[in-house]
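Inspection log for the structure reproduced underneath, given as structure tokens.
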Amino acid sequence: MNQFQSLTPNKFIKTLGLIHVSLVMSVVVFAVVTFFLNDGEMHFKFDLNTIFLLVYPFIVLSALMMSYIVPKMLLKNARKATDLTAKLNSYRTVSMVKFIVLEGSAMLGVVFYLLSKNGIFLTIAALLIIYLIAQRPTLHKVENDLELRGELRNKFQRYDEVIE
């Protein structure tokens, strides 16, 4: 029995959206808990002798590049698929890679804040969270990213009909 037997475009987006929201909320909740664990103490020091301050910008830039480059490469393969189910399967993988890379680097910033009480890390993590929120999946984004045309586009635009 195919896992996509009762899949509709709306269900696909809702499921992917739920995963997205879960990842965003995990970082937000962890940041809030961490803030309270540090009793709200926060300082902003650019002490280059701190290893975290030397490593974290590199990690953030790498994560941002990976969240852009890797999905672009994976989307090329997804676009080559001939059926909508395969395209959506690939798109889910592409999205998860992007979400997890961004979530992981934001989470690391919160950990560095927990250890150092340096607000720079929490600020950068907050910016990553905002960027992650902007990556929210929508029907329009999926259609554009996969470059759906013709019959595949028509199938996808029947939002509540089961994909066959």
Side-chain angles (χ1 to χ4, degrees), residues 1-35 55-114 120-164:
M1 191 158 145
N2 188 346
Q3 67 175 347
F4 284 99
Q5 219 165 15
S6 63
L7 181 71
T8 67
N10 275 336
K11 282 183 184 177
F12 175 79
I13 290 299
K14 285 179 183 177
T15 303
L16 195 55
L18 184 61
I19 292 167
H20 176 260
V21 166
S22 299
L23 292 171
V24 168
M25 290 308 298
S26 69
V27 179
V28 169
V29 168
F30 183 52
V32 168
V33 168
T34 300
F35 183 77
V55 172
Y56 192 54
F58 175 74
I59 291 169
V60 169
L61 289 175
S62 298
L64 288 171
M65 286 188 335
M66 281 178 46
S67 75
Y68 180 78
I69 293 169
V70 173
K72 288 279 184 204
M73 291 175 7
L74 294 174
L75 272 174
K76 284 181 186 177
N77 292 334
R79 289 180 189 127
K80 291 177 186 174
T82 56
D83 84 19
L84 189 55
T85 301
K87 285 181 181 279
L88 293 178
N89 240 345
S90 295
Y91 191 83
R92 182 178 44 230
T93 302
V94 167
S95 296
M96 301 250 323
V97 166
K98 184 187 334 180
F99 299 160
I100 290 169
V101 165
L102 293 170
E103 186 250 2
S105 59
M107 193 71 83
L108 192 58
V110 176
V111 169
F112 286 168
Y113 164 71
L114 176 66
I120 294 168
F121 300 116
L122 203 55
T123 303
I124 294 171
L127 292 172
L128 285 168
I129 293 167
I130 291 168
Y131 181 65
L132 177 59
I133 291 169
Q135 301 304 308
R136 182 180 66 87
T138 64
L139 290 164
H140 184 69
K141 279 184 188 178
V142 172
E143 189 176 320
N144 286 340
D145 288 347
L146 289 175
E147 297 175 353
L148 297 177
R149 306 283 182 262
E151 182 57 32
L152 291 179
R153 183 174 185 219
N154 290 338
K155 275 185 183 180
F156 188 74
Q157 287 182 340
R158 292 184 223 126
Y159 301 129
D160 292 316
E161 286 187 25
V162 174
I163 298 169
E164 296 174 11

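A distance of 12.5 Å separates CG of Leu18 from CD1 of Ile13, quoted to the nearest 0.5 Å. Note that CG of Leu122 is 10.5 Å distant from CG of Leu114, once rounded to the nearest 0.5 Å. Met66 CE to Leu61 CG: the interatomic distance, rounded to the nearest 0.5 Å, is 13.0 Å. For the atom pair OG1 of Thr82 and NZ of Lys87, the computed distance is 8.0 Å after rounding to the nearest 0.5 Å. Atoms CG and OG, on Asn77 and Ser90 in that order, are 7.5 Å from each other to the nearest 0.5 Å. Rounding to the nearest 0.5 angstrom, the gap separating the CD1 atom in Ile124 from the CD1 atom in Ile59 is 10.5 Å.
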Worked check of side-chain contact (heavy atoms from CB on, under 4.5 Å) between Thr34 and Phe30: CA-CA 6 Å; Thr34 300; Phe30 183 52; 3.6 Å; yes

Could you check Met96 against Thr93 for side-chain contact (heavy atoms from CB on, under 4.5 Å), going step by step and ending with a plain yes or no? CA-CA 5 Å; Met96 301 250 323; Thr93 302; 5.9 Å; no

Pair Leu75-Tyr91, side-chain contact (heavy atoms from CB on, under 4.5 Å): steps then yes or no: CA-CA 7 Å; Leu75 272 174; Tyr91 191 83; 3.8 Å; yes

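Around the OH atom of Tyr68, the shell of radius 6.0 Å holds no more than 12 heavy atoms that belong to other residues, nucleotides or ligands.
You'll find the side chain of Leu88 reaches within 4.5 Å of the side chain of Leu146, heavy atoms only. Counting only heavy atoms from C-beta outward, the side chains of Ile129 and Val28 approach each other to under 4.5 Å. The closest side-chain heavy-atom distance from Val60 to Leu128 is below 4.5 Å. The shortest distance between side-chain heavy atoms of Phe99 and Ser67 does not fall below 4.5 Å. No side-chain heavy atom of Asp160 sits under 4.5 Å from any side-chain heavy atom of Lys11.
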Donor-acceptor list for residues 100-110 side chains, cut-off 3.5 Å, not counting sequence neighbours:
unit_1, atom_1, unit_2, atom_2, d
Glu103, OE2, Ser26, OG, 3.0
Ser105, OG, Val101, O, 3.3
Ser105, OG, Leu102, O, 3.1

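Nearest heavy atoms, Phe12 versus Val142: CE2-CG2, 4.2 Å. In plain terms, the two heavy atoms of Leu152 and Leu84 that are nearest each other are CD2-N, 3.6 Å. Ile163 and Thr8 make their closest contact through CD1-C, 4.2 Å (heavy atoms, listed as atom of the first residue, atom of the second, distance). Across His20 and Gln135, no two heavy atoms sit closer than the pair NE2-C, 3.9 Å. For the residue pair Leu139 and Pro9, the shortest heavy atom distance occurs at CD2-O, 3.7 Å.
The backbone N or O of Pro71 sits nowhere less than 3.5 Å from a side-chain atom of Lys98 that would complete a donor-acceptor pair.
Here the two rings, on Phe112 and Phe121, have centers that are under 6.0 Å apart.
Sorted by first then second residue, the salt bridge (charged side-chain N to carboxylate O under 4.0 Å, His left out) pairs that include residues 128-145, not counting sequence neighbours, are Glu143-Arg153.
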